[in-house]
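Ligands are counted one by one from 1 in listed order, and the atoms in each one are counted from 1 as well.
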Amino acid sequence: MFNYLMPEGMRPATLEERKEFYTSEFNLKKVAAWLHVRPGRTNFAVIIGRHTKIFPEEYREDSDTTIIVDEYRDLRDVQRQVLDFLPEAAYYDRNVYVGNKKTGQELAFDLDPENITCPIHGSLADKLKRGQGLGFCAIELDMVRQQAIDLYEHLEKEWSCLKIVYSGRGFHIHVFDAESYGLTKKDRREIAHDVKRRGFAIDEWVTTGEMRLIRLPYSLNGMVSRIVLPLEKNDLRRFDPIHDARCIPRFLRG
Ligand SMILES: [Zn+2]
């Protein structure tokens, strides 16, 4: 973990900090409002300590695995399970389920600073060579923020119900138009390739649907100690995740 380059003030959260966040700061009402626009039932997932290597001792064996949370009564029950795992990351499944049957998938785009070629740190290959594949800097963060604005404006031509989320590292754009849920695998591959061809640093696996999990808005990104935060497009122009109090958890605000 200590080999990762990160912007000033960003660092992994301790188990005590994860516990404090999910006990008193995790906003279930906002999570419910986010999920409300999705049809069907939503499954969740957590990763306890894959990247940070920080995990409760009793979960040492499972610290690296993606643990699906699909048996729960309500969001309070999800919160209780998250507090048991104290994960570095919490996700939801973009698939739409009716009963146990998958009936569609939410379309999403993941813009990640690691895929940005930085004037100082170079390409992803350069960063990997130094063992800093998951690291990123303030310049990359700013470049990926500009890409999120441009991608949003590109997608706006096609879709009308778009949401942007600061993920703790980069940005996600979610498409909530009803027609997007029924896109075929082929449609999704074409959309991903088109966006990539236009120069956007997206993770294609998210858009094609191979990776169906996406960070849960309002959860804690435990790698960088930032709150996963939905933003308005106009907000994005001056959004600064290094200093913006809305995405800084209380344990860092002192
Ligand atoms: Zn850089």
| Straight-line distance of R145 CZ to I164 CD1, nearest 0.5 Å | 11.0 Å
| message | Is there a side chain to side chain donor-acceptor pair (under 3.5 Å) between D150 and Q146? Walk through the geometry before answering. | response | CA-CA 6 Å; D150 296 344; Q146 186 55 49; 3.1 Å; yes
| Atom of H121 nearest the Zn ion (ligand 1) (restricted to N/O/S, atom name only) | ND1
| Once rounded to 10°, what is the value of the angle centred on the Zn ion (ligand 1) between C137 SG and C118 SG? | 110°
| If you round to the nearest 0.5 Å, how far is CD1 of I48 from CD1 of I67? | 3.5 Å
| said: Restricting to N, O or S, what is the name of the atom of E140 that lies nearest the Zn ion (ligand 1)? | reply: OE2
| Between Y152 and F171, is the ring centre distance below 6.0 Å? | no
